[in-house]
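Letters A, B, ... mirror the listed sequences (proteins, then strands); counts begin at 1.
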Amino acid sequence: MSFQSEIVSWYLKNKRDLPWRGTTDPYVIWLSEIILQQTRVEQGKPYFLKFLENYPTVKDFANAAEEQVLKLWQGLGYYSRGRNMLYTAKHIAEHYGGQFPKSYSELVKLKGVGSYTAAAISSFSSNERQAVVDGNVYRVLARYFGIEEPINSNTGQKLFADLAKELIADQEPSVYNQAIMEFGALQCKPKSPLCIECPVQLGCEAFKLKKVDQLPVKLKKVKIRKRWFNYFVAISNDEILTKQRMPGDVWQHLYDFPLIETEGEASIANEEFQTQVTKLFGKQLELKVLESKKHVLTHQIIYVQFFAIDNYIVNFNKHTEIKSVKINDFKQLPHPKIIGDFVEKHID
DNA sequence: AACACGGGGGT
DNA sequence: ACCCCAGTGTT
C-alpha cells in the first residue's frame, strides 16, 4: 500500500469527531480554519462554537461590530485574525452577494487567508485538488521522506509544497488533506510520536535512521524582548479609566488601562517613575501596588504591575486616548487576557 | 528573508 | 526552558 493509502486508511479508523467535520459550507470551514491557525484544536473548539452561534452566516458576521468580534475572540490571541475576519465578511457580503467563495484562486485573495487556509477551504468544501501544507504536514513529510531542508527556508517551503502536491495527485483531496493533518496531530506528534504502532513505520526514513526526534529542521528562534508595563487602575464612583491600544504593538484595538512602560522594574519609591505618573495624570497621586504578574507571549515577556489610584477625581485631560467609562461598559469591551483576568479577579 | 503577532499545552 | 500549535501580513 502507498504512503497515502496508509494515511487515509489510518484516518478513517482514528479520526476525531470535530464540530467542523462533515460540513461543506465554505463559510463554516473558513470560521474553523481561521480560528485554528497556530491554535490547538482543543483551545479553538469552544471559540468555533461561539462564533457559529453568534454568526450563523457570513452576512451575520458582516453586520457585527469590531468590538463584539474581538470580545468573542478575547483570550484566543493573534487578534488580527478576528479583525481580518470581520473585514473579509464585510467584503464578501458586499462584493460576493454574501456567497462565500469556494475556489482556491478566489479564497487566497481574502484578507487573513493564505495558501494553507485557501487549500483547506477549497478542498474541504468542493474537493478541489489543493494540497494543504501546515505544521503537521511539514513534520510528517520531513520525517517520512527524511528531508533535512529547513521547513522555513525558501527552498524548503517550495520543496514541501511540491512534494505535497505530488502526493495528493491520485487521492481524494478532502479526505487526504484531513488525513495527513490528523495523522500529524495524533500519531506523528512533535514530541513522543507513536512510532512503535505506526502504519508507515517501514517506509519512514527518519525512523530507519533514528532521526525522528531531529526532524523537521527549523531555522532560528527569535529573540525574546522583555518589557515592563505599569497599569493604573483608576476607579471613581462607577467609572474606570481605559485606553484603546493603537496599531504598532501587541493587542491592537483592545482596551487596557492607562499605562506607563518602563525600561525595568518600576517602583513607587522611584522618583523618575513618580514624575512620569504625575505628568500622565496631571497631579501627584498616591499609588498602591495591587498585583504583579509575568505575562509570556511568543516574542516578548511582559512584567505587569497594577497600581491602584485611590480617590481619583475624573478630570482627565481630553487630549489623550484615555477615557472614563462605566465599569459595566468597560467589562463588555475586548481586553487582552492579562487585563480580562485582572478585571475578573479584582473588579466587581 | 526576517519579524510581529497571543495564549496554552507538552516534555 | 524550550518547542509547537489546522499561519498570515508587513517590512
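Here E42(A) lies out of heavy-atom contact (under 4.0 Å) with every strand.
Between F273(A) and W228(A), a ring centre-to-centre spacing not shorter than 6.0 Å is recorded. The ring of F307(A) has its center no closer than 6.0 angstrom to the ring center of F257(A).
Here chain A contacts DNA chain B (any atom closer than 4.0 Å to a heavy atom, that is under 4.0 Å), and the contacts span dA1(B) to dT11(B) from 5' to 3'.
Each of L163(A), V132(A), N177(A) was scored for a side-chain contact (heavy atoms from CB on, under 4.5 Å) with I168(A), with one residue passing: N177(A).
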Protein and nucleotides 9-11 of chain C: nitrogen or oxygen contacts under 3.5 angstrom:
from, atom 1, to, atom 2, distance (Å)
dG9(C), OP1, G112(A), N, 2.3

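Remark: DNA chain B takes part in the stems B:1-5 with C:7-11, B:7-11 with C:1-5, each of 3 or more antiparallel Watson-Crick or G-U pairs, criterion distances under 3.5 Å.
Under 4.0 angstrom from either OP1 or OP2 of dG7(C) there lies no side-chain N or O belonging to Q37(A). Residue S80(A) has no polar side-chain atom (N or O) positioned under 4.0 Å from OP1 or OP2 of dT8(C).
No hydrogens or angles considered: a donor-acceptor pair under 3.5 Å links the side chains of R21(A) and Q178(A).
Checking dT8(C), dC4(C), dA6(C) against the side-chain heavy atoms of A185(A) singles out dA6(C) as nearest.
Taking atom C1' on both nucleotides, dG9(C) is separated from dG8(B) by 23 Å, rounded to a whole Å.
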